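Inspection log for the structure reproduced underneath, given as structure tokens.
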Number of protein chains: 2
Amino acid sequence: MNGEDQAAVISAVLSGSRLLVAIAARSLGAVADRVTLPQFRMLVVLSGHGETKLVTMAELLDVNSSTAMRMADRLAAAGLVVREVNPMNRRESLMRLTDEGRRIVDQVTARRRDEIAAIVSRMSPAERQALISAMAAFNEAGGEPAEAGSHPLGWPDA
Amino acid sequence: MNGEDQAAVISAVLSGSRLLVAIAARSLGAVADRVTLPQFRMLVVLSGHGETKLVTMAELLDVNSSTAMRMADRLAAAGLVVREVNPMNRRESLMRLTDEGRRIVDQVTARRRDEIAAIVSRMSPAERQALISAMAAFNEAGGEPAEAGSHPLGWPDA
DNA sequence: CCACATTCTTGCAGTATGCAACATTAATGA
DNA sequence: TCATTAATGTTGCATACTGCAAGAATGTGG
């Protein structure tokens, strides 16, 4: 690949990256008065992962277990998650979303999808098709871990 | 646009978003022992914006001025930025990167570009061309503010 | 039963964050 | 000119996020 080609594709990808991050930030702003970003990440994990124990949650979020502990405390106090001891193993306690918690995740996700939909709707059908193919190839080449329930470190990620 | 088309393009874009966020996070990990994420955002703004006063910095980062104030204090203590009173207006003090601060920004940026380059190098030339076009169209449709020095809210953004 | 591992929990320290109050400096108007 | 107002930086206070380390409760293997 020649240098100009290289520079062009990197520049294009970086611009797209900024745009996507901005979209993620805006979609999150809608609930910023109810949950913080780290708290929202925890809700997202619960949304895609179901009942989760503390240690697993800490690994999925890539934070210390004490950090996950206190976040869970606050979310429980806010009524967005519930925690109960696992009857199968009384050492661990499982947490899951309340209806209210799920509502928040759905709200942000819907907003995010709406924003992306609004953008792609301004593209021509040919451009849309090209975008699908190009992103598929990019994701493939990137060894995308983004399959069902695999949240490596969902940052402003929903 | 039909429903399947819509779902396919949104799904593709969301997957790409996750991949790009993961790349941003990894590129940042290299300096995680020297600066925090918020601190790095401040360095990025200074890198693209030159000398900046406190209020402007706070607006660019979308944080309270007191938050920007203390972050600047810590970065100054770490020797990554310097602050000096503006001779033109003694109310305001301008801050700018030190050589050391710029080194950190460059290091992360280079790492990010390397990761993207590695991914696109695994794509065929035709796929790369398609990616450039598709991202350009997407950025255009998104009204991308990502021009020179325009950092709306550069999160894991470099 | 005892040693060990797993899991959760709490204490401590540093950073991030916003609001509100204050001092200093500049701009504005009478 | 001088008083009022605006802009800017700064600090106090409260809350949240973060990791490390130590401890308690529970389970597992010998």
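Not measured: the values here are computed from a predicted model. All chains are named by letter (A, B, ...) in the order of the sequence lines, taking the proteins before the strands, and each is independently numbered beginning at 1.
Using a 4.0 Å cut-off between a side-chain N of Lys or Arg and a carboxylate O of Asp or Glu, A/R112 and A/E115 do not qualify as a salt bridge.
Across the protein-nucleic acid pair, A/E59 atom CD and D/dT18 atom P stand 16 Å apart, rounded to whole Å. Rounding to whole angstrom units, CE of residue A/M88 and P of C/dT7 are separated by 16 Å. B/K53 places its NZ atom 16 Å from the P atom of C/dT25, with the value rounded to the nearest Å. Following rounding to the nearest Å, B/E92 (CD) and D/dT10 (C1') show an atom-to-atom distance of 15 Å. Computed from coordinates, the B/M69 CE to D/dG12 P distance equals 11 Å when rounded to whole Å. Note: CG (B/N86) to P (D/dA7) measures 17 Å, nearest angstrom. C/dC8 atom C1' lies 11 Å from atom CE of A/M95, rounded to whole Å. Across the protein-nucleic acid pair, B/D33 atom CG and D/dT18 atom C1' stand 15 Å apart, rounded to whole Å.
The base of C/dT25 does not come close enough to the side chain of B/R90 for any donor and acceptor atom to sit less than 3.5 Å apart. Scanning atom types as modelled, one donor and one acceptor separated by under 3.5 angstrom connect the side chain of B/R91 and the base of D/dA7. For A/R70 against C/dG11, a side-chain-to-base donor-acceptor contact under 3.5 Å is present. Contact of B/R83 with D/dG9 (side chain to base): no donor-acceptor pair of N or O atoms is detected under 3.5 Å.
Contact check, A/N64 against D/dT18: no side-chain N or O comes under 4.0 Å of OP1 or OP2. Between B/S66 and C/dT17, a side-chain N or O to OP1/OP2 separation shorter than 4.0 Å is absent. Between A/T67 and D/dG19 there is a side-chain polar atom (N or O) within less than 4.0 angstrom of OP1 or OP2. In terms of phosphate contacts, A/R74 brings no side-chain nitrogen or oxygen within less than 4.0 Å of OP1 or OP2 of D/dT15.
Judged by distance alone, with hydrogens and angles left aside, the side-chain atoms of B/S121 form a donor-acceptor pair with the main-chain N or O of B/A118 at under 3.5 Å. Here the side chain of B/S11 pairs no donor or acceptor atom with the backbone of B/A7 at under 3.5 angstrom.
If you check D/dG9, C/dT7, C/dT17 against the side chain of B/P38, the one that comes closest is C/dT17. You'll find that the side chain of A/M71 is closest to D/dC17, out of D/dG9, C/dC8, D/dC17.
DNA chain D is contacted by both A/N89 and A/V63; A/V63 maps to the nucleotide lying nearer its 5′ end (nearest heavy atom per residue). Ranked by how close their nearest DNA chain D nucleotide is to the 5' end, A/Q39 and B/D73 are led by B/D73.
There is no path of hydrophobic side-chain contacts, each under 4.5 Å, that joins B/V55 to B/L46.
Using a 4.0 Å heavy-atom distance criterion, B/S93 is classed as a sugar-phosphate-only contact.
Side chains of B/R74 and B/T36 form no contact here, defined as non-hydrogen atoms less than 4.5 Å apart.
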Please assess A/R83 against A/D73 for the test side chain to side chain contact (heavy atoms under 4.5 Å, CB included), listing each intermediate value before the final yes or no. CA-CA 9 Å; A/R83 307 178 68 181; A/D73 288 346; 3.0 Å; yes
